[in-house]
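To start, the structure under review is shown below, and the notes come after it.
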2 protein chains.
Amino acid sequence: MNFNAVTIRDIAKELNLSVSTVSKALHDSYEISEKTKKLVLECAQRNNYRPNPIAQSLKQGNSKSIGIVVSTIENQFFSQVINGIESVAHKEGYNVIITQTHESYDLEVKNVNHLTSRSIDGLLISLSTETPDVEHLKKLHAQGLPIVFFDRVTEEINTHKVISDNYNGGYDATKHLIDSGFRRIAHITSPPNISITKERLAGYKDALTDAGIFTPDDYICYCPHGGRDISEIENALNFLLNLKDKPDAIFTTSDRITTTTISLLNKLKVAIPADIALVGYTNTTLADILNPPLSSVHQQGFEIGQKATEMLLNLIKSKWPVTEFETVVLPTHLFVRESSIKKDKNL
Amino acid sequence: MNFNAVTIRDIAKELNLSVSTVSKALHDSYEISEKTKKLVLECAQRNNYRPNPIAQSLKQGNSKSIGIVVSTIENQFFSQVINGIESVAHKEGYNVIITQTHESYDLEVKNVNHLTSRSIDGLLISLSTETPDVEHLKKLHAQGLPIVFFDRVTEEINTHKVISDNYNGGYDATKHLIDSGFRRIAHITSPPNISITKERLAGYKDALTDAGIFTPDDYICYCPHGGRDISEIENALNFLLNLKDKPDAIFTTSDRITTTTISLLNKLKVAIPADIALVGYTNTTLADILNPPLSSVHQQGFEIGQKATEMLLNLIKSKWPVTEFETVVLPTHLFVRESSIKKDKNL
DNA sequence: AATGTTTACTAAAACGATTGCGTAGAAATA
DNA sequence: TATTTCTACGCAATCGTTTTAGTAAACATT
């Protein structure tokens with residue numbers, strides 16, 4: 001049931017004009033007299049006529065909408081990215097269709113299929129943690145669908161990418177902990193297959209190496225689902241807290257892992273930072289009022305969204321197949337709060 | 001640039017068949033011989049043919065997608081609602097287009113127009129705080145667009161609605177504060193024009209009245225933009241804290257107002273709950289690890305989304321104009337945490 | 001053999017908007 | 001008056017798919 005019954009044809013009938021005259025009048029064509037234009041416009045207004053965009057899309061061969069795939073919009077980083085995307089897309093008359101993978105590969109494939117089968121003009125995607133390969137995207141990319149990756153990218157597809165400076169984010173967070181006097185710094189992170197994990201981990205490792213601190217591999221814990229399930233982080237913490245050389249600080253990646261870690265440490269009566277200091281990778285606007293206020297690496301979510309969308313729209317609008325691609329890296333910023341300030345426990 | 005060039009016509013040409021034969025073969029019609037079907041299917045596969053959904057939509061008169069209008073997805077309540085919406089919509093093969101008003105009336109009108117001009121089959125909307133009237137929706141409703149309101153509803157349009165039990169949420173929160181020994185309970189809330197404000201306010205007032213507590217009107221502060229700007233809450237708090245009969249507790253509505261209130265009180269060194277107790281209306285998953293852990297009225301966001309979508313899909317699928325509408329009210333749940341527990345300040 | 005039935009396909013008309021081309025009638029020009 | 005030019009509009013094709021209404025040819029029935 002199409003609720004909007006008023007078509008260009010209805011107007012034509014009502015005014016005893018041809019369909020093409022009405023269409024041209026609505027487009028303010030020079031071929032139509034002012035009198036007729038006025039007549040048509042008035043009639044369209046009165047009947048609340050709205051051109052059927054589906055018909056327009058069919059005619060024009062584009063849908064003026066772009067698809068977004070993220071893990072979950074509950075993650076403030078992603079909702080900030082989406083705001084950035086919208087700010088650019090809407091300005092250019094593009095609509096945005098948001099889908100969530102909840103870190104599942106299955107859902108990612110389904111969403112991508114759904115989006116392309118709804119005829120999007122381009123795709124913005126941050127890969128799911130569980131995505132083992134990108135064949136589903138390679139095919140589309142080969143067919144000419146403009147794709148821009150952001151946040152979690154893949155090297156297997158050559159296209160534009162926008163990421164945070166994850167390496168330096170990881171380096172800075174770790175160095176800050178070192179500079180604050182911590183030496184046994186653990187790392188709880190997402191699965192090792194996704195790009196952000198590797199990059200942040202590399203930063204973490206290099207900061208430690210540069211400071212001459214040896215860190216056992218035991219200190220690095222991976223959460224298979226990126227912290228989707230509390231148990232993943234419970235396991236990691238149990239493991240870390242039971243090590244004979246218990247860490248005195250933890251560097252966590254991702255919103256979910258970070259906030260869940262605080263929650264669990266609080267529950268376990270492990271004082272932050274007295275017993276264990278914490279620096280997270282998170283964009284939550286609540287970092288300031290958490291208990292304790294959370295030191296965190298902040299990413300320019302909004303800007304990432306903006307940049308990615310600009311690049312995507314360039315691809316979409318390009319008349320020629322684009323072969324030169326670039327990867328934009330935006331800086332991260334470390335906010336130091338209480339959770340990483342060395343305190344004497346007995347103070 | 002449509003990236004998918006292969007049409008049903010291409011296949012027809014390649015196999016020397018008619019377009020209709022190909023279409024029917026792809027739809028496994030009984031009119032087509034097995035041999036031809038196999039031929040067509042193989043050819044479609046080989047050329048990676050995918051039906052153009054826009055053409056299908058045009059033909060079928062529906063777009064299989066529903067529009068959502070919320071104030072902002074950064075608000076966890078709304079992202080939870082959206083998850084609920086998606087869970088139902090996707091199961092039924094419907095796509096979802098999310099738009100944000102950021103509490104602006106202008107954006108609400110724009111988004112609604114954009115959505116309907118993108119041919120949605122139905123609309124799920126929570127009104128913006130700044131929306132003065134619903135003429136833009138009345139028109140569409142009159143034209144037969146299926147609409148379901150949730151959260152912030154209007155009485156001026158007769159259709160399905162799904163809301164939280166805001167009255168009881170307000171009542172319970174206030175009663176809890178009273179039972180905890182607080183007597184001077186202020187209320188910081190959204191503008192008085194939106195439904196949730198009125199309902200929660202009524203609950204707040206009744207709880208006080210029922211307890212025989214007189215409360216001056218001064219104790220009720222409205223944030224014109226629903227707390228979008230920090231200054232709104234700063235003003236409210238300044239006002240409340242400078243009253244000669246300073247409140248000993250505050251009941252706040254909405255995620256934004258609640259979390260900003262904590263943040264500001266912390267900054268002002270006003271101890272929660274020792275100086276001022278706090279109960280908020282919020283769905284943040286971080287309530288537990290805030291400083292202090294926040295007592296809050298929790299709404300069934302996911303379920304609201306589910307229910308609203310079920311009702312919308314019923315409207316969409318109905319062959320007959322629906323005239324009997326219902327308003328579903330889902331219970332809220334008060335989580336008591338530290339922020340509202342009476343404490344002797346000098347303890 | 002004449003008629004009915006089935007099989008397997010095609011032609012053409014939708015869906016709604018856009019647009020190149022054609023043209024009647026008015027106006028301008030020769 | 002005859003011819004050209006303009007003006008203002010209509011016709012018909014188009015986008016890709018679906019669907020209704022056919023129709024030849026093969027087969028079966030009487």
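In what follows, chains carry the letters A, B, and so on, assigned in the order in which the sequence lines appear, proteins first and then strands, with residues in each chain numbered from 1.
- Remark: Gln56(A) is not in phosphate contact with dG16(C), judged by side-chain N or O atoms under 4.0 Å from OP1 or OP2.
- Near DNA chain C, meaning a heavy atom under 4.0 Å away, there are no residues from residues 32-44 of chain A.
- In this structure, Leu58(A) atom CG and dA14(C) atom P are separated by 17 Å, rounded to whole Å.
- Remark: Ser23(A) is not in phosphate contact with dA17(C), judged by side-chain N or O atoms under 4.0 Å from OP1 or OP2.
- For the pair Ile54(A) CD1 and dA17(C) C1', the interatomic distance rounds to 12 Å; values are reported in whole Å.
- Leu26(A) comes within 4.0 angstrom of nothing in the nucleic acid, heavy atoms only.
- dA12(D) atom C1' lies 12 Å from atom NZ of Lys59(A), rounded to whole Å.
- Between the side chains of Asp151(A) and Ser126(A), a donor-acceptor pair is found at a separation under 3.5 Å.
- Following rounding to the nearest Å, His27(B) (NE2) and dT17(D) (C1') show an atom-to-atom distance of 8 Å.
- Put simply, NZ on Lys24(B) is 15 Å from P on dT7(C), counting in whole angstrom units.
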Problem - Worked check of side-chain contact (heavy atoms from CB on, under 4.5 Å) between Thr131(B) and His136(B) - result: CA-CA 10 Å; Thr131(B) 297; His136(B) 53 304; 4.0 Å; yes
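- In summary, Asp121(A) and Lys64(A) do not engage in a salt bridge, as defined by a charged side-chain N under 4.0 Å from a carboxylate O.
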Handout entry: Working for side-chain contact (heavy atoms from CB on, under 4.5 Å), residues Tyr94(B) and Thr309(B)
Key = CA-CA 10 Å; Tyr94(B) 279 77; Thr309(B) 311; over 6 Å; no
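- Counting to the nearest Å, the C1' atom of dT18(C) and the CD1 atom of Ile8(A) are 8 Å from each other.
- Counting only N and O atoms by type, the side chains of Glu130(B) and His225(B) include a donor and acceptor under 3.5 Å apart.
- With dC15(C), dT18(D), dA17(C) as the choices, the nucleotide that has an atom nearest any side-chain atom of Asn52(A) turns out to be dA17(C).
- Contact annotation: Tyr30(A) side-chain N/O to dC9(D) OP1/OP2 distance is not under 4.0 Å.
- For the pair Asp28(A) CG and dT19(C) C1', the computed distance is 16 Å after rounding to whole Å.
- Computed from coordinates, the Glu31(B) CD to dC9(C) P distance equals 10 Å when rounded to whole Å.
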Exercise for the section: I would like to know whether Ile73(A) and Phe78(A) meet side-chain contact (heavy atoms from CB on, under 4.5 Å); could you show each step before the answer? Expected result: CA-CA 6 Å; Ile73(A) 57 173; Phe78(A) 287 118; 5.6 Å; no
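- Checked by distance alone, Ser20(B) brings a side-chain donor or acceptor within 3.5 Å of a matching partner on the base of dA11(C).
- Residues Glu14(A) and Arg9(A) are not paired through a salt bridge, judged by the lack of any N-O separation under 4.0 Å between the basic side chain and the carboxylate.
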